[in-house]
Amino acid sequence: MSAANIASALPQGAFLGEILPTPVKDVVSLMAGHAPNSVKRRSAADSSKAVDYLLSCWQILPSFSDKLVKGPIKKILLPVDYRRLCNARLAVIAFQKTQIAGCRPLLATLEHSEINYSLLKGAASGCILYPERYMRTSWDFDLAVSWEDLPTVEAMALEAGFHQAQRITESALFCPANRQLRDIVEKDHYELGFLVRRLQVTNLSPETLDAIRTETWTHQFWHDVDSVNPFCYAAVDIHHAMSLDIGFGELLTSARSVSIDNETLRVPSDAWFAAHLVYKLYWEGVHNYAKGLYQYADLVRLVARLDEDTFVELIDILEKYNLIAAGYHSFKHLPKFGVELPEHIASFISDTQYPPEDGDPTGLNDLGDVWPKLWGLR
Amino acid sequence: MDEDFIDAVASAIADHLWASNALPPNGPQAVRSASQPAISDGRNSDMDIDELSEVEIEALAEQIVTKLSPVGSYEDIPAEKIEI
């Protein structure tokens with residue numbers, strides 16, 4: 001859904017401060033994993049708007065439990081919108097399970113190598129913040145490795161069945177990459193171009209097949225949908241830095257192992273995971289309209305892991321990279337999701353609401369509030 | 001047309017494409033707009049896109065698009081069967 005469409009879905013004059021319009025309130029509750037306060041059938045307009053918002057946050061659709069979907073969500077939505085949401089959720093769950101299966105051989109190779117790596121972003125949050133790994137989806141599996149290890153890890157990915165690829169214009173399909181284009185791009189960027197596997201899933205359930213055949217929205221993930229075995233892509237994105245000026249050295253040093261689904265995987269420390277999340281949520285959020293709202297679902301779940309010591313580590317990282325304003329603007333909205341902030345986080349928000357004396361917004365990387373922009377407003 | 005200039009403009013277009021996950025746009029207009037960052041970065045000091053004629057820009061566009069054009073179709077990435 002475009003920024004303009006999301007914004008136009010809001011009632012005129014809607015104030016996205018403390019008083020939230022009904023569809024926004026519903027989405028905010030569901031993102032946090034809760035039923036909305038009022039479980040009454042919504043108006044047609046509010047029902048449709050809520051599902052539009054939720055589809056724009058498709059990355060967290062699998063996090064909705066069956067109980068939540070078949071109970072409160074079914075009650076508040078009109079049947080047509082409920083079907084739309086259920087179809088999308090089924091398609092995205094199957095997509096993420098395919099990603100996990102498709103990336104498993106590479107991750108196993110990495111795990112048995114001497115290379116220090118870490119999952120990043122959605123791939124990491126699925127392991128540490130949600131009851132099941134598939135409950136947090138993303139377009140690709142993001143990995144961090146050192147610059148020196150990039151060629152080795154890319155070779156491992158190719159050995160594990162991935163292909164160097166690039167998107168075909170205005171489609172969700174990939175074709176083999178033009179090596180010259182990749183060379184040009186990778187010279188000035190901090191990640192490799194796409195590495196993908198094209199995977200035909202042979203055991204999609206009848207419900208999932210029906211969902212991806214009837215719901216055109218799902219065709220951004222699933223292709224050849226009328227065939228016996230539709231396909232989607234598993235993609236890995238290998239990064240050697242968080243941005244052009246934030247390296248991954250410390251993140252990789254702090255990475256730890258977690259065991260999940262009989263696999264051992266490496267994820268960032270909670271402090272570095274939080275720093276990366278704050279950076280992405282805020283920096284991408286203020287530079288775009290309607291981009292990245294879903295990341296609040298991660299932040300909501302992360303708060304319980306941010307004890308006082310971890311939070312001090314996080315603040316040290318944010319200070320080092322001039323991201324205190326990003327932290328302030330990200331954490332201050334958590335109460336809207338029903339999160340009760342621990343004292344140390346509440347104090348941080350209280351203390352950082354005042355910029356330092358003589359500070360200027362540009363120098364402080366303070367591009368203002370991210371909340372309205374996440375919803376497609378100025 | 002000098003190769004460094006083509007590289008600079010191609011690099012600027014690649015930056016733009018990277019941001020949008022898209023393949024190269026065609027045409028002189030895309031070249032004209034995408035070349036600005038390359039020129040302002042000082043990557044090419046002796047040539048200015050605005051001094052080029054439409055014919056020259058067309059030629060440049062063709063060279064860059066050829067240089068960056070995709071190879072093959074989605075079927076060139078083989079499908080693998082998998083269970084989830």
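Each chain gets a letter, A, B and so on, in the order the sequences are listed, and its residues count up from 1.
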Student: Determine which residues belonging to residues 202-210 of chain A lie within contact range of chain B, meaning some heavy atom pair is under 4.5 Å apart, and list them by number or answer 'none'.
Tutor: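 Against chain B, the residues of residues 202-210 of chain A that fall inside the cut-off (heavy atoms, under 4.5 Å) are A:T202, A:N203, A:L204.
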Student: State, with a plain yes or no, whether a side-chain heavy atom of B:E75 is found less than 4.5 Å away from one of A:C175.
Tutor: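 The answer is no, as the side chains (C-beta and beyond) never meet within the 4.5 Å cut-off.
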Student: Report which part of A:F174 has an atom under 4.5 Å of a heavy atom belonging to chain B: side chain, backbone, both, or neither.
Tutor: both
Student: Restricting to non-hydrogen atoms, name the atom on B:I82 and the atom on A:A101 that form the minimum distance, rounded to 0.1 Å.
Tutor: CD1-CB, 3.7 Å
Student: Atom CD1 in B:I77, atom CZ in A:R197: separation rounded to 0.5 Å?
Tutor: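 It is 12.0 Å, given to the nearest 0.5 Å.
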Student: Once you round to the nearest 0.5 Å, how far does CG of A:L199 lie from CD of B:E83?
Tutor: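 Here the interatomic distance stands at 12.5 Å.
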Student: Compare all side-chain heavy atoms of A:N229 with those of B:K81 and state whether any distance is below 4.5 angstrom.
Tutor: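 The answer is yes; the side chains approach within 4.5 Å.
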Student: Tell me whether the count of non-hydrogen atoms from other residues, nucleotides or ligands lying under 6.0 Å of CD in A:E263 goes above 12.
Tutor: yes
Student: What heavy-atom pair brings A:P176 and B:D76 nearest, and what distance separates the two atoms?
Tutor: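 Scanning both residues completely, I find the closest heavy atoms to be CG-CB, 3.6 Å.
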Student: Under a 4.5 Å heavy-atom cut-off, does chain B meet the side chain of A:Y233, its backbone, both or neither?
Tutor: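 The side chain, not the backbone.
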